[in-house]
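So that the names make sense, note that chain A is the first sequence line, chain B the second, and so on, each numbered from 1. If you're wondering where the values come from, they're calculated on a predicted model, not measured in any experiment.
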Amino acid sequence: MKVARVIVDVPSMSIDRLFDYLIPEKYEDIVEKGMRVIVPFGPRKVMGFVVDMQNDSSIEKLKSIVEVMDMTPVLTDELLKLGTWLADTTLSFKISTLQVMLPQILKAKYNKELKLLVEGEEELSPVLKSLFVGRAVVSFSEIEERNISYHHIQKAIKDGYVEVQYVVKSKETKKKLTWVRPVNPLLLEEALVDIPKHAKKQRVIIEYFLEDNEPLPIKQLEGKLHTTRSTVQTLVQKGLLETYEQEIYRDPYENRNFEKTDPLPLTTEQAEVIEPIHETIQKENHDVFLLHGVTGSGKTEVYLQSIQKAIEKGQEAIVLVPEISLTPQMVHRFKGRFGSKVAVMHSGLSAGEKFDEWRKIQRQEVQVVVGARSAIFAPFRHLGIIIIDEEHETSYKQDDTPRYHARDVAIFRGEFHQCPVVLGSATPTLESFARGKKGVYKLLTLSKRVNNQNMPEVDIVDMREELHKGNRSMFSFPLQEKIQERIQKKEQIVLLLNRRGYSTFVMCRDCGSTIDCPHCDISLTYHRKQEKLKCHYCSYEIPMPKLCPHCESESIRYFGTGTQKVEESLQQTFPEARIIRMDVDTTRRKGAHERLLAQFKDKKADILLGTQMIAKGLDFDNVTLVGVLAADSMLHIPDFRSAEKTFQLLTQVSGRAGRHQLPGEVIVQTYTPDHYSVELASQYDYEAFFGHEMKVRKAFQYPPYYFLALITISHPNHPYVIQVTQRVAKKLNEMSNNQTKILGPTPSPITRIKNRYRYQCMVKYRNEPNLYTNMRKIVQEFEHEIQNKDLQINVDFQPNHMM
DNA sequence: CCTGATCATGAC
DNA sequence: TCATGATCAGGA
């Protein structure tokens, strides 16, 4: 007896374990660990992952696997292990951790159908007769659309006329190309005689294959010989040619040539830094390196040559870059060096393209993957190095379950494969840098720019003084002057507006009231394009009212500074300037991001105005001025990392100027010019910032001195949420040691979302080896209420934000 | 006594 | 998560 142990696709606490299924004889030699199967589960059928195989089971009556979905496993043994570990350390379901490792398209789709059991439709009720009309199966979605009441169907089921069947489908599609080839090349010569005189096109085709009988895609044949599909079809019918399908990859970069680049000579610093990495690859050791390199110090070349080393050893490499900086420039550098050995994974690809890139990895056709967060799960089997660029980026942590951090996954995989993990950044997170100093990570430093250029001069402008001088615009006099100067010199300008901390909310100037979402405790934001007010958290929206709903005054206005508004006033101040605006609105469409940047590179604009997304990785040789419009907009949001984030952003954006021959300049506008994050960023003094910020973190007991876990509890009933949160806090207190601090219950920053009240507890801990299991125990104690009473308990370890 | 609505339970 | 059977309130 062969038994498969299966994790089924049912995200529920009580189902979050293994289920045993009999492997039918016909599948005995086929089923392997890591494959997806379809299994009966209760009355329905669901997808599941085989994670183990056995010869017997403790369960008496086993059901059998219905179908095997894969020819080869989609998950390796390592990834299965990783899944279990992730489920333990993020408190998520095993099924979710396995699903998150695969391209979306492999996620099963479930369909419910009604099947006719009798011949003909005579015995059916009139309603059902009209439903089936000659068909044998009807999908439930159609039944719902037609509003047919369930008891017609129930009755028919009871009478044995119909039955419900469950279908599991894969959305997976492989793109195919149709090819043409001669059935037997030797027969073509004779066949030519039988082709009618007037059938010129048929002759052309035959003659073509006589000359060169290599198969050809049908599309190409049509183009080359100016023929059509029907001519080919006639020859197929005559038995001379045949068509067949071959699978192809959707290659998002297929029409682009990547000029081959060779390794660049290294600076002394680069050579020093690369040495220990190479050695670790060579010795097949695991180590975590923190590569701290100023912007423009040539980190990418260090990555490239480290990867080279791994490839030469026959191993593979994963490179993570933040989604936002996965620009064509970046892809170019990797494709240029490693050509077709590279797969690229990012959110701009269609589901089909992502699947194809993933398959290249799975089939070991590529050795390098460059991608955003989820590329960390690339199914490589011989990893030689893992690189995380811009290590400090918050997007490496997934915001919803499973709330994993790509850095942790990288270290897990690095240990498994005994290979180095390289974390690179000009502004590492305090957590990482502290580990670097302690020697937990090996600290590597690049302190000079490759071209030995100085970092651009940073000029801090105090906006309060501007106000005193009578300048009420959002562009300070020095900035205006410099912009004017660049436009004249035909040099380019990058302007950064930090939208966070600003939002376009609506307020009445008479009564001062704002317009809030009726389901969430947050004000609605104004969307100019559709003249609507929308809620960010639920789908609620209303047309922009003409009168204040409270006092019926006409003076309701929207406040805040959106990029559009800045663009307008920028245009007013510099009527001759050509401006490109980059924000969520202008880059939503596929390829828009890329197109705008290309325009700017081609000097079709003088000013690039944008949000965070322009702060990273861009490299334009004609940019000599960078302006930050509101450097402190992030400082005032209640987040213990706000100083760190401000420092990071200012440093990153300053690095955009003067990267080539022309020297650069940076202007930072702020209302808090003496805040240490602004001041130290302008001096490019990371070490000093680190020292200062560490003191702050110590004083307030924040990371890296303490770990955090945030528990958020939500339910439609307000008093009930408070009560549950209190109970949770009490249990936590009982279970943890006396160094650990439990804060709360407190209301979440947004106390209500989608009509659910939200309360939270914060755990600050230094050493709680059992926290994961304890936390799981606590959540399990509420299992009943979670399942039956619509209670939600969310646990986020090392949260990015407190919401 | 029937009907629809809500609840509790189990799924290899 | 979701189908099922049990239980309960309300209507005539």
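Per the geometry, CZ belonging to A:Arg44 stands 10 Å off P belonging to B:dC12, to the nearest Å. Atoms CE (A:Met13) and P (B:dT9) sit 16 Å apart, rounded to a whole Å. Here the P atom of nucleotide B:dC12 and the CD1 atom of A:Ile7 are 15 Å apart, to the nearest Å. In this entry the distance linking NZ of A:Lys112 with P of C:dC2 reads 10 Å, nearest Å. Nucleotide B:dC7 holds its C1' atom 14 Å from the CD atom of A:Glu785, rounded to whole Å. With rounding to whole Å, A:Ile95 atom CD1 is found 14 Å from C:dC2 atom P. As a whole-Å value, the separation of A:Ile153 CD1 from C:dA3 C1' is 15 Å. To the nearest angstrom, C1' of C:dT1 lies 14 Å from CG of A:Asp790.
Note on A:Tyr110: nothing from the nucleic acid sits closer than 4.0 angstrom, heavy atoms only. Across all strands shown, A:Leu62 has heavy atoms under 4.0 Å from sugar-phosphate atoms exclusively, and none from any base. At the heavy-atom level, A:Ser57 lies nowhere under 4.0 Å from the strands shown. The residue A:Leu18 sits apart from the nucleic acid: no heavy atom pair falls under 4.0 Å.
Of the charged side-chain nitrogens involved, at least one lies within less than 4.0 Å of a carboxylate oxygen, so that A:Glu541 and A:Lys532 count as a salt-bridged pair. The pair A:Lys175-A:Glu245 does not count as a salt bridge, with every side-chain nitrogen at least 4.0 angstrom from each carboxylate oxygen. A:Arg407 has no carboxylate O lying under 4.0 Å from a charged side-chain N of A:Glu393, or vice versa, which leaves the two without a salt bridge. Between A:Lys397 and A:Asp796 there is a salt bridge, since at least one side-chain N of the basic residue sits less than 4.0 Å from a carboxylate O of the acidic one.
Side chain to side chain, A:Asn737 and A:Tyr765 fail the donor-acceptor criterion of an N or O pair below 3.5 Å.
Closest approach to the A:Asn788 side chain among B:dC12, B:dA8, C:dA3 is made by B:dA8 (side chain taken as heavy atoms from C-beta onward). The side chain of A:Phe19 approaches B:dC12 more closely than any other nucleotide in the set B:dC12, C:dT1, C:dA3. Considering only the side chain of A:Phe41, B:dC12 comes nearest among C:dC2, B:dT9, B:dC12.
In the interface, the side chain of A:Gln787 is not paired with the base of B:dT9 through any donor and acceptor atom under 3.5 Å apart.
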